[in-house]
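Ligands are counted one by one from 1 in listed order, and the atoms in each one are counted from 1 as well.
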Amino acid sequence: MKARTQVAIIGAGPAGLLLGHLLRAEGIDAVIVERASPDYVLGRIRAGVLERTATDLLDRLGLGERMHAEGLPHDGFNLADGERLIRIDIQKLTGKQVMVYGQTEVTRDLMAAAQARGLEIIYEAADVALHDIESDRPYLTYTKDGASHTIEAAFICGCDGFHGPSRQAIPSSVGRGFEKVYPFGWLGILADVPPCNHELIYANHENGFALASMRSATRSRYYIQVPLDDQIEDWPDDRLWDELALRLGPEAGANITRGPAMEKSIAPLRSFVFEPMRHGRLLLAGDAAHIVPPTGAKGLNLAASDVAYLSDALIGHFKRSDQDAIGGYSAKALARVWKSERFSWQLTLLMHRFPNTDIFDRRMQIADLDYIASSIAAQTSIAENYVGLPL
Ligand code: RFL
Ligand code: PHB
């Protein structure tokens with residue numbers, strides 16, 4: 001079967017879904033092809049903290065209602081080191097809050113509204129491949145239920161995450177990746193128990209990093225730093241709760257409510273940027289173009305800011321015949337991407353124990369935390385990055 005649309009989007013994660021909705025809101029035709037099933041997409045437990053950039057986009061689409069009803073606006077978060085707790089009062093320092101609302105819920109809201117808004121999503125599309133992206137008639141092919149399909153488009157948007165085919169379609173002679181891989185991962189646990197603290201706590205402990213986060217007043221999300229070769233089986237629930245209680249410090253640790261894990265997974269940490277984010281008629285957005293370690297809570301938010309720039313560019317192209325709109329996308333998006341990369345990298349260095357951390361590196365962490373604890377300027381810098389730099 002052959003179909004034609006204005007914008008073919010690969011991937012129905014937050015980037016692809018948001019982009020599709022923003023285009024449809026302007027009357028631009030878009031189709032999303034997604035490899036996984038809807039249940040699989042909704043089963044991935046990932047981000048939990050949304051910046052204003054992301055919440056503003058949902059509001060602009062008129063899809064923020066459930067987020068405002070059920071999400072938890074936060075005025076601050078905490079950095080812990082041993083017994084010390086440094087509170088970063090983001091509301092006081094920047095006038096802004098962040099919203100604790102799970103990526104799963106954002107995705108669910110965007111998926112639920114798709115059909116009524118004429119956004120077609122083709123799930124379980126296998127063998128998605130990009131063709132003729134350097135021409136002005138690019139197309140993609142896929143198979144579904146044993147049949148081959150073609151979608152011709154004016155543009156293809158690669159929103160297919162870090163492992164998708166889009167970035168790989170850009171020849172190595174024109175693109176380049178910049179990468180840093182960290183020597184540890186995060187083990188996450190989701191449990192239906194009240195959080196140990198009303199705000200997030202990022203803790204640097206002798207045994208390694210820990211994070212106390214949440215999804216609601218009755219659902220907690222915790223993470224600990226683990227060696228890369230650890231397996232889920234190495235961490236039965238009891239061992240994980242003991243370790244969290246230790247690493248989060250005496251007060252929060254004592255306040256942990258234990259419960260059975262609803263989900264447990266290990267994710268490696270990586271910093272990665274691919275330049276440029278456009279080649280011919282292919283445009284990349286979100287994890288397809290860059291990865292940040294989750295320490296700064298920036299991954300989903302960067303996907304949202306990319307898509308804000310990208311939808312503007314496509315709307316400029318289709319609605320105002322703006323010849324430069326598409327050409328300017330990559331540089332505009334990358335300027336913000338690199339700043340989020342810097343923040344995520346720096347917070348990762350500050351809060352984790354590296355396998356070969358020497359005593360000097362550790363003293364640098366302590367000095368940095370002392371400085372942050374005593375300087376409003378340092379706290380403001382962290383706060384303005386955490387709530388998200390302006391578009
Ligand atoms: P996604 O969400 O990976 O979606 C890509 C979609 O593309 C599909 N796909 C394909 N479709 C068709 N054909 C193919 N060949 C395909 N290959 C892939 C996939 O099935 C998928 O549906 O990328 P997107 O949309 O760019 O969104 C990015 C975010 O998901 C990611 O950056 C965040 O989850 C990162 N992240 C966090 N970000 C935040 O902003 N705040 C946080 O608090 C936060 N915490 C986290 C995180 C990521 C984590 N992990 C597991 C990586 C915590 C963790 C533990
Ligand atoms: C989460 O709740 O999953 C979460 C929160 C903050 C982060 C990373 C993950 O920095």
Please work out, at 4.0 Å between heavy atoms, whether the side chain, the backbone, both, or neither of Val33 comes within that distance of ligand 1. backbone
Salt-bridge test for Lys180 and Glu341: reply yes if a basic N is under 4.0 Å from a carboxylate O, no otherwise. no
At under 4.0 Å between heavy atoms, what of Ile45 touches ligand 2? The answer is neither
Residue portion contacting ligand 1 (non-hydrogen atoms closer than 4.0 Å) for Val128: side chain
Arg35 bridged to Asp160 by N-O distance under 4.0 Å: no
Which atoms of ligand 2 have any heavy atom of Thr295 under 4.0 Å away? 10 (O)
Can you tell me if Pro165 has a non-hydrogen atom under 4.0 Å from ligand 1? yes
Identify the closest protein heavy atom to atom 10 (C) of ligand 1: which residue and atom is it, and at what distance? Arg35 CB, 3.8 Å
Which ligand 1 atoms does Gly13 reach within 4.0 Å, using its non-hydrogen atoms? 4 (O), 6 (C), 22 (O), 25 (O)
Short N-O contact, Lys2 and Glu152, less than 4.0 angstrom: yes
Quick test: of every protein heavy atom, which one is nearest to atom 37 (C) of ligand 1, and how far off is it to 0.1 Å? Ala47 CB, 3.2 Å
What residue and heavy atom of the protein are closest to atom 9 (C) of ligand 2, and at what distance? Tyr223 CE1, 3.6 Å
Just to be sure I'm reading this right: ignoring hydrogens, which of Lys298, His290, Arg221, Gln103 gets closest to atom 34 (O) of ligand 1? Compare them by their nearest heavy atoms. Gln103
Salt-bridge contact Glu384-Lys96 (side-chain N to carboxylate O under 4.0 Å): no
Please check if the number of heavy atoms outside Lys319 that lie under 6.0 Å from its NZ is greater than 12. yes
Can you report which non-hydrogen protein atom sits closest to atom 20 (O) of ligand 1, along with the distance? Glu34 OE2, 2.6 Å
For Cys159, state whether at least one heavy atom is located under 4.0 Å from any atom of ligand 1. yes
Is ligand 2 less than 4.0 angstrom away from at least one heavy atom of Arg215? yes
Any idea how Tyr202 and Phe77 line up, ring-wise: parallel (<30°), tilted (30 to 60°), or perpendicular (>60°)? perpendicular
With the threshold set at 4.0 Å, does a side-chain nitrogen-carboxylate oxygen contact exist between Arg87 and Asp89? yes
Ligand 2 contact by Leu211, heavy-atom criterion under 4.0 angstrom: yes
Taking the ring of Phe178 and the ring of Phe272, is the distance between their centroids below 6.0 Å? no
Of all the atoms in ligand 1, which lie at a distance below 4.0 Å from a heavy atom belonging to Val49? 41 (N), 43 (O)
I'd like to check Ile121 versus Val33 (side-chain heavy atoms, cut-off strictly below 4.5 Å). Are they in contact? no
Out of Asp160, Thr295, Asp306, the nearest non-hydrogen contact to atom 18 (C) of ligand 1 is supplied by Asp160
Is a salt bridge present between Glu105 and Arg46, judged by a nitrogen-to-oxygen distance below 4.0 Å? no
Numbered atoms of ligand 2 (with element) below 4.0 Å of Arg46, judged on heavy atoms: 3 (O)
Minimum distance, heavy atoms only, to atom 3 (O) of ligand 1: which one of Arg46, Arg44, Arg270 is it? Arg46
Salt bridge Asp306-Arg336, side-chain N to carboxylate O under 4.0 Å: no
Which of the numbered atoms in ligand 1 are below 4.0 angstrom from a heavy atom of Gly48? 42 (C), 43 (O)
Does a side-chain heavy-atom distance below 4.5 Å link Val7 with Ile28? yes
Evaluate the ring planes of His317 and Phe155, with Trp represented by its six-membered ring, and classify them as parallel (under 30°), tilted (30 to 60°) or perpendicular (over 60°). perpendicular
Assess Glu51 for proximity to ligand 1: is some non-hydrogen atom of it under 4.0 Å away? no
Atom 31 (C) of ligand 1 - nearest protein heavy atom and its distance: Asp287 OD2, 3.3 Å
Answer yes or no: does an N/O atom from Gly286 fall short of 3.5 Å to an N/O atom of ligand 1? no
Proximal candidate to atom 8 (C) of ligand 2 [heavy atom criterion; set Gly102, Pro294, Pro293, Ser344]: Pro294
Assert yes or no for the condition that the ring centre distance of Tyr223 to Phe209 is strictly below 6.0 Å. no
Residues Arg353 and Glu206 bridged, charged N to O under 4.0 Å: no
Test of proximity, Ile45 against ligand 1: N or O pairs below 3.5 Å: no
For atom CZ of Arg362, decide whether the heavy atoms of other residues, nucleotides or ligands shown that lie under 6.0 angstrom number more than 12. yes
Do Arg221 and ligand 2 have an N or O pair less than 3.5 Å apart? no
Can you list the ligand 2 atoms lying under 4.0 Å from a non-hydrogen atom of Leu200? 5 (C), 6 (C)
What do you reckon, does Tyr142 put a non-hydrogen atom under 4.0 Å from ligand 1? no
Aromatic centroids of Tyr182 and His352 separated by under 6.0 Å: no
For the residue pair Leu19 and Cys159, establish whether any side-chain heavy-atom pair is separated by less than 4.5 Å. yes
Given that the side chain starts at C-beta and the backbone is N, CA, C, O, which of these parts of Ala297 lies under 4.0 Å from ligand 2, counting heavy atoms, or is it both or neither? both
So that I can tick it off, tell me whether Glu243 and Arg247 are bridged by a salt bridge, with the cut-off set at under 4.0 angstrom between side-chain N and carboxylate O. yes
Nitrogen or oxygen atoms of Val41 and ligand 1 under 3.5 Å apart: no
Which ligand 2 atoms, with their elements, are less than 4.0 angstrom from a heavy-atom of Tyr202? 6 (C), 7 (C), 10 (O)
Which option, Ala54, Gly299, Gly161, owns the non-hydrogen atom nearest atom 23 (O) of ligand 1? Gly161
Identity and separation of the nearest protein heavy atom to atom 51 (C) of ligand 1: Ala267 CB, 3.8 Å
Salt bridge or not between Arg320 and Asp312? Use side-chain N to carboxylate O under 4.0 Å. no
Looking only at distance, does Gly164 have an N or O less than 3.5 Å from an N or O of ligand 1? no
With heavy atoms of Val49 as the reference, note each atom of ligand 2 found under 4.0 Å away. 5 (C), 6 (C)
Polar-atom distance check: Ser213 versus ligand 2, any N or O pair below 3.5 Å? yes
Near Asn301, which atoms of ligand 1 are under 4.0 Å from a heavy atom of that residue? 40 (O)
Looking at His290 versus Phe162, is the centre-to-centre ring distance below 6.0 Å? no
Select one of side chain, backbone, both or neither to describe which atoms of Tyr223 lie under 4.0 Å from any atom of ligand 1, heavy atoms only. side chain
